[in-house]
Amino acid sequence: MTLDPFFYQIFESLPRQGPGCPEATRNVWSCLPPLPNHANILDVGCGSGTQTRDLAALTSGTITAVDNHQPFLDRITAWATANHLGGRIRTRAASMDALPFEPGQFDLIWSEGAIFIMGFEEGLRAWKPFVKKGGYMVVSDAAWFEPNPPAELMRWWEKEGYIPKTEDALREQVKNTGLRLIATYRLPEAGWWENYYVPMLARVAELRKTHGTDPACAAVLDPLQEEIEMYRQYKRYYGYTFFVMQNE
Ligand SMILES: C[S@@+](CC[C@H](N)C(=O)[O-])C[C@H]1O[C@@H](n2cnc3c(N)ncnc32)[C@H](O)[C@@H]1O
């Protein structure tokens, strides 16, 4: 078994593919002024669409959910069809660094836990042209919550290849892009566990049972378990922060 299919086998079975929760999506949404009734919304790096579904309950507008993994998009389409929301939720397979849309097309771009793939400032710069003047962007990304993180935690992030920045450094990056920062919001701890790490741990345990000591399996499961352990030990040092911004 190659690594990639195995990785997707795990992530396709999870309720979501990154930290987040409906309470956070709702709370962050409440930081936005009212959007037009037929708001045009883009959800970037939507995964299997947990936040897409939460957004659909908060707006009467249309949501285009974008991801580069078609099976996630198929789950969204199946859910939207079953819930008679096919007219308001569309999917598009595309890469976030080459979005196939018109300039100024969206009232709001929303992205939970996915901008790290491009880098925070790079992602904001790349997506901003697709937002109407006066429209909004909301993204969540990893950030340090405390200074002087322990060496073990730093080494782990270095290995992951993405070192979080402080929230102040991220605010500065927002400023560099010309977006106006309206609010920030820290994802509550429950958003890491309930729909993400708890089901992930259950899946890891199941797969260890069925695959035993298969090295290809361990190569995927060990890092996931290590990630969860890092969060369990060091969660006071880092987390996810939402940034709510306007394209003035
Ligand atoms: C950490 S997950 C977050 C998913 C979802 N927003 C959530 O919070 O559950 C990141 C998502 O980005 C998608 N992705 C990775 N690289 C991408 C790219 N270049 N373009 C579009 N989506 C990408 C992955 O397939 C995955 O669904």
Side-chain angles (χ1 to χ4, degrees), residues 1-22 24-25 40-56 62-83 85-86 88-101 105-106 108-120 122-124 126-127 130 137-142 160-162 187 191-192 194-204 206-207 210-211 216-217 219-225 227-228 240 242:
M1 189 179 281
T2 58
L3 261 184
D4 265 8
F6 197 54
F7 181 83
Y8 279 117
Q9 193 186 328
I10 296 170
F11 277 84
E12 281 173 14
S13 71
L14 299 180
R16 58 182 307 146
Q17 290 70 41
C21 60
T25 303
N40 199 7
I41 298 168
L42 181 67
D43 181 0
V44 182
C46 57
S48 61
T50 309
Q51 75 288 308
T52 319
R53 296 195 292 274
D54 296 334
L55 291 171
T62 301
I63 305 170
T64 305
V66 167
D67 204 279
N68 66 354
H69 187 60
Q70 185 65 43
F72 290 152
L73 300 178
D74 293 343
R75 255 169 84 179
I76 297 178
T77 304
W79 179 87
T81 307
N83 288 276
L85 286 170
R88 287 211 296 122
I89 299 183
R90 298 169 192 149
T91 64
R92 185 80 183 256
S95 186
M96 61 173 74
D97 56 7
L99 291 174
F101 303 111
Q105 195 180 325
F106 296 101
L108 168 66
I109 290 184
W110 192 281
S111 179
E112 294 196 22
I115 199 167
F116 76 92
I117 291 155
M118 289 186 68
F120 185 78
E122 293 78 0
L124 294 182
W127 302 345
F130 298 103
M137 286 177 76
V138 173
V139 304
S140 66
D141 200 8
E160 288 295 294
Y162 190 78
L187 180 69
W192 289 78
E194 284 169 12
N195 292 310
Y196 192 48
Y197 283 159
V198 168
M200 190 189 284
L201 276 172
R203 197 78 186 104
V204 165
E206 259 171 50
L207 289 165
T210 48
H211 290 260
C217 175
V220 175
L221 301 187
D222 293 351
L224 293 178
Q225 216 156 352
E227 175 185 330
I228 297 170
Y240 260 54
F242 284 82

Between [X] and [Y], which heavy-atom pair has the shortest distance, and what is it?
| X | Y | result |
| --- | --- | --- |
| Pro22 | Asp54 | CA-OD2, 3.4 Å |
| Glu194 | Val198 | O-CB, 4.3 Å |
| Gly18 | Tyr196 | N-CE1, 3.4 Å |
| Leu73 | Ala65 | CD2-O, 3.7 Å |
| Phe242 | Ala24 | CE1-CB, 4.0 Å |

_Applying side chain to side chain contact (heavy atoms under 4.5 Å, CB included) to Ile115 and Trp127, what does each step give before you reach the verdict?_
CA-CA 10 Å; Ile115 199 167; Trp127 302 345; 3.7 Å; yes
Contact between [X] and [Y] at the side-chain level, heavy atoms closer than 4.5 Å - yes or no?
| X | Y | answer |
| --- | --- | --- |
| Met200 | Leu224 | yes |
| Thr50 | Asn195 | no |
| Ile10 | Leu207 | yes |
| Leu124 | Val139 | yes |
| Trp110 | Ile63 | no |
| Cys46 | Ile76 | yes |

Quick one: does any side-chain atom of [X] pair with a main-chain N or O of [Y] as donor and acceptor, under 3.5 Å?
| X | Y | answer |
| --- | --- | --- |
| Asp67 | His69 | yes |
| Ser140 | Glu112 | no |
| Thr25 | Gly20 | no |
| Gln225 | Leu201 | no |
| Arg16 | Gly47 | no |
| Thr52 | Ser48 | no |

Mind listing the side-chain donor-acceptor pairs of residues 92-101 below 3.5 Å, one per line with the distance, residues two or more places apart or on another chain?
unit_1	atom_1	unit_2	atom_2	d
Ser95	OG	Asp97	OD1	2.7

*Going by the angle between their ring planes, with limits at 30° and 60°, are Tyr162 and Phe116 parallel, tilted or perpendicular?*
perpendicular
Can you measure from [atom1] ([X]) to [atom2] ([Y]) and round to the nearest 0.5 angstrom?
| X | Y | atom1 | atom2 | answer |
| --- | --- | --- | --- | --- |
| Leu221 | Glu206 | CG | CD | 11.0 Å |
| Thr64 | Asn40 | OG1 | CG | 5.5 Å |
| Phe106 | Leu42 | CZ | CG | 4.0 Å |
| Ile117 | Asn68 | CD1 | CG | 7.5 Å |

_Heavy-atom count check: over 12 atoms from other residues, nucleotides or ligands less than 6.0 Å from Gln105 CD?_
yes
*Is the count of non-hydrogen atoms from other residues, nucleotides or ligands lying under 6.0 Å from Arg90 atom CZ greater than 12?*
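Not more than 12 within 6.0 Å, no.
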_Donor on one side chain, acceptor on other, Arg203 and Ser13, under 3.5 Å_ = yes
*asked:* If the threshold is 4.0 Å, N to carboxylate O, is there a salt bridge linking Glu12 and Arg75?
replied: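 No salt bridge links Glu12 with Arg75.
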*asked:* Please report whether the ring centroid of Phe7 lies less than 6.0 Å from that of Phe11.
replied: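 Aromatic pair counts; centres sit under 6.0 Å.
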*Are Tyr240 and Trp192 close enough that their ring centers fall under 6.0 Å?*
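Yes: the rings meet the under 6.0 Å criterion.
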*Applying side chain to side chain contact (heavy atoms under 4.5 Å, CB included), run through Leu108 and Met137 and close with a yes or a no.*
CA-CA 5 Å; Leu108 168 66; Met137 286 177 76; 5.8 Å; no
